[in-house]
Amino acid sequence: MYKRILIANRGEIALRIIRACRELGIETVVVYSEADRNASYLRLADEAYCIGPAKSVKSYLKIDQVISAAEVGNVEAIHPGYGFLSENARFNEICRSCKIDFIGPTPEAMEKLGDKNTARMLAREANVPVVPGSEGLIESEDEAVRVAHQIGFPVLIKATAGGGGKGMRVAHNDLALKTALAQARAEAEAAFGNAGVYLEKYIERPRHVEVQILADHHGNVVHLWERDCSTQRRHQKLIEESPAPNLPPDTRNALCEAAVRLVRKAGYTNAGTVEFIVDQDNNFYFIEVNARIQVEHPVTEMVTGIDLIKQQILIAAGEPLPFRQKDIRQQGCAIECRINAEDPDRGFQPHAGTIRQIFYPGGPGVRFDSHVYAGYPVPPYYDSMIGKLIVHQPTRAEAIACMLRALDELQIEGIPTTVPFHKKVLQHSDFVEGWVDTKFVERTFLAG
Ligand code: MV4
């Protein structure tokens, strides 16, 4: 087992990883930017190194600086968290060449799945359903039109280097398709240095359902069931839950088994998420793989009782998974609300400023993953998420009631937050009944 690891991240996930390490008896080295020099979790780490100025590109994204801290700190492994360098295959490879374990998949698996078109082809080979569309990358305007006529409009153009909704365009007819194709290519080239695009049938009102998997270095692959993340706005998730409401048991099982097949085919190891969209008739289609631990991992931890961060570390250290598929239960219902320093009444505009006062929620079935405290200055340089409120209860109705109670308890003064917005969503009949798709928030709360 490792004696000492470095955490290449900040905020709540840095704290979450420190907590796992302390319970495993592993020492921690944490890196921080000048903006985070007073962060509370730095005190919980064994060592902390400043790696540069506030801006991420000058600190948390500086590969050299992170590697130097790892060398000086004498660590055996690096946990990248989410965001920042977590899905950077080059960083992953540099870790390997420096003989430092990257706590995540190999650079090869990361690269293969990071390209959406290769991931999609791999899914096909693994007998995992993909949205009807082009065979591979689109080579010409003629080919795009041909494919569109075959599958029928509307179609969606996707950048192979994209992901998380970046570089997507819908087209409803031939002319619009030709224009959109050129635009999508130019955009993808500018944003990712890769103009590759492919075509899919556009699925209206899909649900976003993703499957958590764990794969060790001994050939064991298991899934930890699914999460529904349909409650989102502009590809920013707001609420996640497990199990996915109104998903038939057969669909749930087929989806989870498909995720395992893909992960095996890709030779993927460590923790990962296989993302699907589910249409109105419960048909599901593979979308992409997230090769990292995700923000919403706690809902899976609550329903399965498995600590995903500890498992990531144990897997990277070469340990075999301590459980089999049949031992992994999905018990009760867990819901997570992302608490962001944003003003929901002003288009969710991020709001830096100091938290004057905060009262933490608690009681049965309540978990609050956050690094903030009274007097904490929310920096303007990073993601606006300041915490995650998670509840776990026997039923979904009880989980909603518990979340509303916990949101009432959570008092944050000094900055606007997404708390009042969450209360509205949780009381909406469509949400209560579990009929949420990826357009729900916009349609219901932000129209006009
Ligand atoms: C789609 C789609 C409809 N049809 N693909 C957006 C992010 C990326 N992960 C995949 N996305 C979508 N792909 C087809 N063929 C709709 C979306 C989509 C979406 C998916 C998941 C979560 C939120 C979303 C919001 C808008 C669109």
Side-chain angles (χ1 to χ4, degrees), residues 82-83 87 113-121 123-124 128-138 144 147-148 150-172 177 180-181 184 187-188 191-192 196-211 226-241 244-245 247 255 259 262 272-292 294-296 299 336 338 348 425 431 435-447:
Y82 50 70
E87 291 182 277
L113 294 170
D115 183 280
K116 307 292 173 275
N117 179 54
T118 19
R120 190 163 172 268
M121 301 213 283
R124 276 214 193 87
V128 172
V130 300
V131 187
S134 56
E135 203 52 50
L137 293 178
I138 292 285
V147 173
Q150 215 177 310
I151 61 178
F153 285 105
V155 297
L156 192 58
I157 306 166
K158 292 186 173 180
T160 189
K166 275 174 275 166
M168 298 198 318
R169 263 164 203 270
V170 189
H172 288 85
L177 174 60
L181 185 65
E187 242 173 55
F192 318 112
V197 297
Y198 59 97
L199 216 63
E200 283 182 356
K201 171 95 186 155
Y202 179 60
I203 307 293
E204 315 258 6
R205 287 197 176 203
R207 279 170 285 167
H208 172 147
V209 181
E210 57 184 34
V211 178
E226 85 288 2
R227 298 182 286 258
D228 187 309
C229 310
S230 303
T231 308
Q232 59 88 43
R233 175 192 163 268
R234 297 194 184 173
H235 305 291
Q236 294 297 316
K237 293 168 185 166
L238 291 161
I239 302 178
E240 303 98 345
E241 57 182 304
L247 191 68
L255 197 93
L262 175 57
T273 299
V274 184
E275 190 181 316
F276 296 91
I277 52 177
V278 179
D279 73 12
Q280 304 288 70
D281 303 318
N282 291 316
N283 298 304
F284 63 85
Y285 309 97
F286 165 74
I287 293 293
E288 58 191 63
V289 174
N290 298 311
R292 61 170 190 277
Q294 287 187 282
V295 172
E296 60 270 28
V299 298
E336 170 178 282
R338 295 192 187 192
F348 290 82
V425 173
F431 186 89
W435 297 121
V436 170
D437 59 73
T438 56
K439 291 264 166 73
F440 163 72
V441 169
E442 238 168 45
R443 182 172 66 235
T444 313
F445 300 99
L446 312 169

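Order of listing sets the numbers, starting from 1, for every ligand and every atom in it.
Which parts of ligand 1 touch Y202 is read off a 4.0 Å heavy-atom cut-off, strictly below it: atoms 3 (C), 4 (N). Using a 4.0 Å cut-off to heavy atoms of E288, the atoms of ligand 1 that qualify are 8 (C), 9 (N). In the vicinity of V131, heavy-atom distances shorter than 4.0 Å reach the ligand 1 atoms 15 (N). Ligand 1 places these atoms under 4.0 Å from at least one heavy atom of H235: 6 (C), 7 (C), 24 (C), 25 (C), 26 (C), 27 (C).
Nearest-residue assignment for atom 24 (C) of ligand 1 (options V441, T438, T231; heavy-atom criterion): T438. Nearest residue to atom 21 (C) of ligand 1 from E442, R234, H208 is H208 (criterion: closest heavy atom).
At least one heavy atom of M168 sits closer than 4.0 Å to an atom of ligand 1. Distances shorter than 4.0 angstrom do not occur between any heavy atom of K237 and any atom of ligand 1.
For R207 against D437, the heavy-atom pair with the smallest separation is CG-CA, 4.3 Å.
For atom 20 (C) of ligand 1, the nearest protein heavy atom (residue, atom name, distance) is I277 CG2, 4.0 Å. Protein heavy atom nearest atom 10 (C) of ligand 1, with residue, atom name and distance: I287 CG2, 3.4 Å. Protein heavy atom in closest approach to atom 4 (N) of ligand 1: I203 N, 2.9 Å. Nearest protein neighbour of atom 7 (C) of ligand 1, counting heavy atoms only, is G165 N, 3.3 Å. Of all protein heavy atoms, the one lying nearest to atom 16 (C) of ligand 1 is P206 CG, 4.0 Å. Summary of contacts: the protein heavy atom closest to atom 13 (N) of ligand 1 is K158 NZ, 3.1 Å. The shortest contact between atom 2 (C) of ligand 1 and any protein heavy atom is with L156 CD2, 3.7 Å.
For the side chain to side chain contact (heavy atoms under 4.5 Å, CB included) test, residues two or more places apart in sequence or in another chain that qualify with D279 are I203, D281, N283, Y285. Checked against side chain to side chain donor-acceptor pair (under 3.5 Å), R227 has the following partners two or more places apart in sequence or in another chain: E210, Q212, T273, Q294, T300.
Paired with L199 under the rule side-chain contact (heavy atoms from CB on, under 4.5 Å), one option of I138, L181, L156 passes, and it is I138.
The backbone of K201, and not its side chain, has at least one atom closer than 4.0 Å to an atom of ligand 1 (non-hydrogen atoms only; backbone = N, CA, C, O).
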